[in-house]
Amino acid sequence: MKEKPSFTGEAKKPGVRDPDICVVTCAVTGVLANRKQNPGIPYTPVEIADECKRAYDAGASVVHIHARNDEGGPTFSPAVFARIKEEVRARCPIILNFSTGTILEDVSDQCTYVRESKPEIAALNMGTMNYAKYSAKRKQFDFDMVFPNTYSKIIKLLEVMNEAGVKPELECFDTGHTHGIAPLLDMGVLRPPLQFSFIVNVLGGIPAHVESLQLQTKIMPAGSEWEVIGISHGAWRMIATALVLGGNVRCGLEDHFYLPNGEMAKSNGELVETAVRLVRDVGRRPATVEEAREILSLGAPR
């Protein structure tokens, strides 16, 4: 009989969490960046799985995954997500975190691949926001859109995650997203212990300041796990900040292309190696996959 995921039960007992252990996540490929910007960005399921293995070998215990078609465009095909899981599992036991992000209100495909592929974790965007990128050099926007995440959309995804035994990772781009979980907890559709990702430096979201993370961690419920996602410039400083504040960290080609010395990373493995070195340099250590499962209150391997 399969072990039931423990996150559906009581919050973690105080004193269980070793604060010196840090869960390192790698976001191997996003939806916007392409190989003209960085040749190492993976597109196909095989390429994505190879990058997941590089991240695992370098010390990551979780991978955050978007699916792409073979030409590099985004896809929400349940079949592609299933193939990615199959390819990753053939290479390593790293914990899978599938994105559910979409600007569309229809989340049928997302519900299908969460239900069918059952990744251990699924990322869940927690609020509507302006989502833009501005070029100061050209004095114009590279892109400018609204990223809608209504409560009805969030609840649909949460209900499927609960049904499938998949842990929601609460992606919060601003303090209102973190504060806005209250009705979901009251309804019982969101269940402790909680796992947050605090994204900083997206235009329209919270800035990449130490105080941003301090405020977010003050707003979140006590006993929650959290990580920082630093987008573009300043990513390494925010990773260092999270390490000092006791959080977990995320790196990867979805978030930032460059190593701290300014060189472009050739692979996700190079970025994870740097993040792991930072973890150790501040006196902490990266979690093994087994430790990450316990820290994040996940069930048995799938």
Side-chain angles (χ1 to χ4, degrees), residues 5 7-9 11 25 27 30-32 62 64-67 74-78 81 96-132 145-200 202 204-206 212 215-217 219-229 231 248 250 254 296-298:
F7 67 84
T8 56
T25 295
V31 293
L32 298 176
V62 182
H64 174 73
I65 294 172
H66 293 258
T75 179
F76 303 110
S77 165
F81 275 96
L96 297 176
N97 175 334
F98 283 178
S99 170
T100 63
T102 174
I103 61 172
L104 303 177
E105 187 65 26
D106 183 6
V107 289
S108 300
D109 283 340
Q110 286 80 0
C111 290
T112 298
Y113 63 69
V114 167
R115 189 181 290 113
E116 293 180 352
S117 288
K118 292 183 172 61
E120 288 94 339
I121 304 168
L124 181 62
N125 293 287
M126 296 306 294
T128 297
M129 62 181 294
N130 285 331
Y131 196 99
M145 61 184 178
V146 172
F147 189 13
N149 292 288
T150 60
Y151 278 114
S152 60
K153 182 177 174 181
I154 291 168
I155 289 168
K156 283 177 192 172
L157 289 164
L158 275 174
E159 287 175 341
V160 171
M161 292 178 198
N162 290 335
E163 172 194 329
V166 173
K167 178 74 177 281
E169 174 206 47
L170 311 178
E171 295 208 335
C172 299
F173 292 79
D174 213 336
T175 54
H177 298 174
T178 309
H179 180 254
I181 68 168
L184 302 172
L185 288 168
D186 188 59
M187 293 169 66
V189 72
L190 183 59
R191 306 164 186 172
L194 305 179
Q195 177 185 347
F196 288 89
S197 284
F198 297 133
I199 303 96
V200 298
V202 171
I206 202 165
S212 296
L215 180 55
Q216 288 282 54
T217 57
I219 294 169
M220 75 179 190
S224 300
E225 284 293 325
W226 67 276
E227 71 176 4
V228 71
I229 301 175
I231 302 300
N248 301 311
R250 187 178 108 171
E254 177 179 352
L296 302 178
S297 302
L298 304 176

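Because the structure is predicted, anything quoted here is derived from the model rather than measured.
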Enquirer: Please report the interatomic distance CG(Leu215) to OG1(Thr175), rounded to the nearest 0.5 Å.
Expert: 5.5 Å
Enquirer: By salt bridge (charged side-chain N to carboxylate O under 4.0 Å, His left out), which residues pair with Glu116, not counting sequence neighbours?
Expert: none
Enquirer: Under 3.5 Å, side chain of Asp106 to main-chain N/O of Ser108, donor-acceptor pair present?
Expert: yes
Enquirer: Hey, what do you get for CZ (Phe147) to CG (Asn125), rounding to the nearest 0.5 Å?
Expert: 3.5 Å
Enquirer: Please test Asn248 against Glu225 for side-chain hydrogen bond (donor to acceptor under 3.5 Å, both in side chains), starting from the C-alpha separation and ending with a verdict.
Expert: CA-CA 8 Å; Asn248 301 311; Glu225 284 293 325; 2.9 Å; yes
Enquirer: A side-chain contact here means heavy atoms from C-beta on lying under 4.5 Å apart; do Val160 and Thr112 qualify?
Expert: no
Enquirer: Lys167 versus Met161: any side-chain heavy-atom pair under 4.5 Å?
Expert: no
Enquirer: List for me each residue that meets side-chain hydrogen bond (donor to acceptor under 3.5 Å, both in side chains) alongside Ser197, sequence neighbours excluded, and say none if there are none.
Expert: Glu169, Glu227
Enquirer: Do any N or O atoms from the side chain of Ser224 and from the backbone of Gln195 form a donor-acceptor pair under 3.5 angstrom?
Expert: no
Enquirer: How far apart are the C-alpha atoms of Ile231 and Ile199, what are their side-chain angles, what is the distance that settles it, and do they pass the side chain to side chain contact (heavy atoms under 4.5 Å, CB included) test?
Expert: CA-CA 7 Å; Ile231 302 300; Ile199 303 96; 3.8 Å; yes
Enquirer: Output every pair passing salt bridge (Lys or Arg N to Asp or Glu O under 4.0 Å) with a member in residues 175-190, not counting sequence neighbours, ordered by first then second residue.
Expert: none
Enquirer: Could you pull out all residues at least two apart from Val31 that satisfy side-chain contact (heavy atoms from CB on, under 4.5 Å)?
Expert: His66, Pro74
Enquirer: Can you sort out the partners of Lys153 under side-chain contact (heavy atoms from CB on, under 4.5 Å), two or more places apart, ordered by chain and number?
Expert: Thr102, Glu105, Val107, Asn149, Thr150
Enquirer: Go through the structure and list residues passing side-chain contact (heavy atoms from CB on, under 4.5 Å) with Ala132, not counting sequence neighbours.
Expert: Phe141, Asp144, Leu203
Enquirer: Would you say the side-chain atoms of His177 pair up with the backbone N or O of Phe173, donor to acceptor, closer than 3.5 Å?
Expert: yes
Enquirer: After noting the C-alpha distance and the side-chain angles of Val202 and Met129, does the key distance pass the side chain to side chain contact (heavy atoms under 4.5 Å, CB included) rule?
Expert: CA-CA 10 Å; Val202 171; Met129 62 181 294; 4.0 Å; yes
Enquirer: Within the 4.5 Å heavy-atom criterion, are Phe76 and Gln110 side-chain neighbours or not?
Expert: yes
Enquirer: Tell me, please, which residues at least two apart from Asn130 pass side-chain hydrogen bond (donor to acceptor under 3.5 Å, both in side chains).
Expert: none
Enquirer: Can you tell me how far the CG atom of Leu124 sits from the CG atom of Leu158, to the nearest 0.5 Å?
Expert: 5.0 Å
Enquirer: What distance separates Leu190 CG from Leu170 CG, expressed to the nearest 0.5 Å?
Expert: 5.5 Å
Enquirer: Measuring from atom OG of Ser77 to atom CG of Asp109, what distance do you get when rounded to the nearest 0.5 angstrom?
Expert: 7.0 Å
Enquirer: Under the side-chain contact (heavy atoms from CB on, under 4.5 Å) test, which residues partner Ser212, sequence neighbours left out?
Expert: Ile206, Pro207, His209
Enquirer: Going by heavy atoms in the side chains, are Leu184 and Met126 under 4.5 Å from each other?
Expert: yes
Enquirer: Do Ile229 and Phe198 have side chains that approach each other closer than 4.5 Å (heavy atoms only, starting at C-beta)?
Expert: no
Enquirer: List in chain and number order the residues that pass ring-ring contact (aromatic ring centres under 6.0 Å, His included) with Phe81, two or more places apart in sequence or in another chain; answer none if no residue qualifies.
Expert: Phe98, Tyr113
Enquirer: Is there side-chain contact between Ile65 and Pro119, with heavy atoms separated by less than 4.5 Å?
Expert: no
Enquirer: If you apply the rule salt bridge (charged side-chain N to carboxylate O under 4.0 Å, His left out), what do you find for Glu171 with Arg250, and how did you get there?
Expert: CA-CA 12 Å; Glu171 295 208 335; Arg250 187 178 108 171; 3.8 Å; yes
Enquirer: Nearest heavy-atom pair of Ala123 and Thr100: which atoms, and what distance?
Expert: O-OG1, 2.5 Å
Enquirer: Test your reading of the model: is there a side-chain donor-acceptor pair from Asn162 to the backbone of Val189, 3.5 Å cut-off?
Expert: yes
Enquirer: Any chance you could measure Leu96, atom CG, to Ile121, atom CD1, to the nearest 0.5 Å?
Expert: 9.0 Å
Enquirer: Heavy atoms, side chains only, cut-off 4.5 Å: are Pro221 and Leu194 in contact?
Expert: yes
Enquirer: Is the shortest side-chain heavy-atom distance between Cys172 and Trp226 below 4.5 Å?
Expert: no
